[in-house]
Amino acid sequence: MSPKRMHIPQASRARQVMQEEKNTPQKPGVYVHTFGCQMNVHDSQKILTLMSEKGYQAVETPEEASVILLNTCSVREKPEQKVLSAVGRYRNLKQNTPDLIIGVGGCFARQEGEDLLRRAPALDLVFGPDNIPELPKMIQNIREEHQPQVETEFDPSNDVRFLDIAPQVLDSRVTAMVTIMKGCDKYCSFCIVPYVRGRERYRDPVEIKEEVQRLSAQGIREIMLLGQSVTSYKWKDRGEVWDLARLIRSLDGVEGLDRLRFTSPYPRDFHQELIDCFAEVPILCDHVHLPFQSGSDRILYRMNRRHTREQYFGWVNGLRERCPSIAITADVIVGFPGEEEQDFEETMDLIERVRFDALFSFKYSPRPKTPAARKVQQISEEDKQRRLAYLQQRQLEISLEINKKFEGTEQLILVEGRSRRNPERLAGRTTTNKVVNFVGPEHLVGEMINIRIIEAHATALVGEGQ
Ligand code: SF4
C-alpha cells in the first residue's frame with residue numbers, strides 16, 4: 001500500500017446505474033429500512049440488487065415506494081417495539097397507495113414467523129434472512145393472489161445463490177463489504193445468531209476474489225470481509241484447504257485495492273497464521289475487533305465462549321507483538337445471568353490491562369430460544385445499568401487517552417465522504433479505524449492522503465484540512 005497510489009475513483013458503475021434508474025419515473029420504487037449490524041446493511045444492499053434486477057428502483061423516502069421492506073435484527077436488542085411502530089407508521093401510507101406492499105425480513109422475521117401477520121395486520125410479507133432470493137417471487141405472488149406471503153425457513157438450494165449475489169447498490173463509492181461466510185456454529189449461550197442465521201456456510205475463494213476484483217475495478221479502495229463468525233472461514237477444493245489467513249493473503253495485490261478488514265471474529269480462531277497476517281500482509285489494516293464479552297472465567301464458561309481470560313490476553317499479546325501499532329476494539333456484555341460484582345470487577349480489570357481503543361458495550365438482554373434466557377439468576381435492570389454506565393465512562397477515558405497520542409502526528413487516511421455529524425467536513429479513517437474529520441474539498445473523497453491531527457476526542461480525531 002502506498003500513499004502514492006492516489007486517484008479520484010470514478011463513481012461505481014452500480015451507482016451510475018442506480019442514479020439513471022432513479023431518473024426513470026415509471027419504475028416502481030422499493031424502500032428498505034435497515035435495523036442492526038453490518039451484515040444486515042449488506043443484506044439490504046443485496047435486496048436492492050435483486051429488486052433492481054426485477055425492474056424496481058431504490059427510493060429514498062417511504063412515500064415514493066410501492067414496496068417497503070424492513071430488514072430487522074434481533075441480535076442486540078428487543079426489536080419488537082421499533083419494528084412494529086415502524087410498520088404502524090408505514091401503514092398510513094396505504095391510504096394513498098392501496099397497492100403498497102409492506103414486508104418485514106431478517107432475524108426478527110425468522111424468529112416471529114407467521115405470528116407477525118397477526119400482530120401487525122398491515123403486513124403483507126414476512127421473510128427470513130435466508131429467504132432474500134425468494135423475495136421478488138413472493139412480491140409477485142402478493143400482487144397476483146392478493147394474499148400475504150410468509151417464508152422464514154432456511155432453504156439450502158437458495159443459499160448458494162444468496163452468497164453469490166454481489167450487491168450492485170452500494171452505500172459508498174470508496175468502501176464495500178463482501179460476504180465470505182454465513183451462519184455460526186459456536187452457540188454462545190446468549191446469542192440468537194445460530195438459530196436465526198443457521199449453520200456456517202462458506203463461499204468459494206475464487207468467487208470472493210472475483211467480487212473483490214470487480215469492486216476495486218469500480219473504484220472501491222477498501223473491502224470489509226463479512227461473516228457472522230468470519231474467522232471460521234474454511235474451504236476445501238481439489239485437495240486444497242483454505243482458511244481466512246490464506247484468503248487474506250490471496251487478496252493482497254488486487255489491483256486498486258488499498259485496504260482490507262474483516263468482521264466479526266471469534267477469538268479462538270486467532271491462530272498464529274492469522275496473527276502473522278497483520279504483520280505481513282500490507283493491505284490488512286492495523287485494527288482488529290476481538291470480542292471478549294466478559295473478563296470472568298466463570299461467566300465466560302456460562303456464556304459457552306470456550307476461552308479463558310488468560311487465553312484472551314495471549315491473543316492480544318500475540319497481535320501486539322507482531323503488529324505493535326494495532327488498534328484493538330471489542331464487544332462486552334454486562335449483567336449476564338449470574339454475574340456478581342467480582343465478575344464485573346474482572347471485566348473491568350481486563351479492560352484496564354488491555355486498554356482497548358474502543359468498546360461496544362451492551363446490557364445483557366434475554367433472546368428467545370437461547371440457553372442463557374432460561375437461567376434463573378437474571379440480574380436486575382438497575383445493576384446492569386449501573387455497571388454499563390461505569391464501564392462506558394471508564395472506556396471513554398481510556399479511548400481519549402489513547403487518541404490524545406495522535407495529536408500532532410501525521411496519519412494516512414482513506415477519505416470516505418462527508419462527515420455524518422457535520423456535512424461541512426469530510427471524514428476518513430486511519431488504518432487503525434479511527435475516524436478523522438477535517439475540512440477539505442470534495443475531490444479528495446476516495447483518496448489516500450496524509451493529514452495532520454490537531455485535536456483528539458474519545459470517538460474521533462480532527463485533522464487539519466488540505
Ligand atoms: S460466535 Fe458470535 S455469532 Fe456465533 S454464537 Fe457466539 S456471539 Fe453469536
Side-chain angles (χ1 to χ4, degrees), residues 35-43 71-79 106-111 128-130 154 159 162-163 177 179-203 224-234 243-244 261-271 274 288-309 311-312 315-316 328-339 347 350 356 359-375:
F35 298 76
C37 63
Q38 279 167 307
M39 206 74 190
N40 257 23
V41 171
H42 195 49
D43 282 355
N71 190 15
T72 65
C73 174
S74 55
V75 174
R76 291 273 183 240
E77 53 193 329
K78 290 183 179 164
C107 298
F108 180 55
R110 171 81 193 256
Q111 184 187 303
D130 293 305
F154 169 53
D159 208 43
F162 177 78
L163 280 170
M177 296 177 269
T179 306
I180 65 165
M181 60 86 67
K182 283 178 76 185
C184 182
D185 294 348
K186 308 299 186 294
Y187 289 93
C188 301
S189 67
F190 55 83
C191 183
I192 199 170
V193 164
Y195 306 95
V196 291
R197 294 275 186 171
R199 305 299 302 252
E200 290 174 6
R201 292 91 78 193
Y202 315 100
R203 200 172 163 202
M224 172 76 84
L225 302 177
L226 265 191
Q228 269 97 21
S229 177
V230 72
T231 43
S232 307
Y233 177 79
K234 48 182 163 289
D243 60 7
L244 182 62
R261 303 181 190 271
F262 60 84
T263 201
S264 285
Y266 184 63
R268 271 188 74 101
D269 294 326
F270 273 76
H271 45 78
L274 185 56
V288 66
H289 186 70
L290 194 61
F292 70 96
Q293 310 298 9
S294 170
S296 155
D297 282 344
R298 205 176 67 84
I299 297 300
L300 285 170
Y301 180 76
R302 288 175 164 227
M303 287 177 162
N304 194 29
R305 288 292 286 177
R306 304 183 214 182
H307 69 78
T308 62
R309 58 187 268 128
Q311 282 175 306
Y312 190 84
W315 293 310
V316 168
I328 303 181
T329 57
D331 296 339
V332 54
I333 296 171
V334 299
F336 186 81
E339 184 189 74
T347 292
L350 187 146
F356 293 96
L359 276 178
F360 297 86
S361 47
F362 306 91
K363 282 185 290 185
Y364 170 76
S365 71
R367 315 271 23 106
K369 294 185 186 167
T370 59
R374 294 193 289 273
K375 290 192 189 295

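Order of appearance sets the numbers: ligands from 1, and atoms from 1 within every ligand. The basis for the numbers below is simple: all heavy atoms, side chains too, and nothing from hydrogens, waters or symmetry mates. Numbering starts at 1 and runs along the sequence shown.
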**Request:** Return yes when Q293 approaches ligand 1 closer than 4.0 angstrom through a heavy atom, no otherwise.
**Result:** no
**Message:** Strictly below 4.0 Å, N to O, side chains only: are R302 and E339 in salt-bridge contact?
**Reply:** no
**Request:** Heavy-atom contacts with R305 under 4.0 Å: which atoms of ligand 1 show up? List them by number with element.
**Result:** 6 (Fe), 7 (S)
**Item:** Y301, OH: over 12 other non-hydrogen atoms inside 6.0 angstrom
**Value:** no
**Request:** Give the atoms of ligand 1, by number and element, whose distance to some non-hydrogen atom of Y266 is under 4.0 Å.
**Result:** 1 (S)
**Request:** Would you check if there is a donor-acceptor pair between the side chains of H289 and S264 at a distance under 3.5 Å?
**Result:** no
**Asked** Under 4.0 Å between a Lys/Arg side-chain N and an Asp/Glu carboxylate O for D297 and R305?
**Response** no
**Message:** Under 4.0 Å between a side-chain nitrogen and a carboxylate oxygen: does that hold for R197 and D130?
**Reply:** no
**Asked** Is there a donor-acceptor contact under 3.5 Å linking the side chains of T263 and R261?
**Response** no
**Message:** Holding to ring-ring contact (aromatic ring centres under 6.0 Å, His included), I want the full list of residues that pass it with Y364, two or more places apart in sequence or in another chain.
**Reply:** F336
**Asked** Which protein N, O or S atoms sit under 2.8 Å from atom 8 (Fe) of ligand 1?
**Response** C191 SG
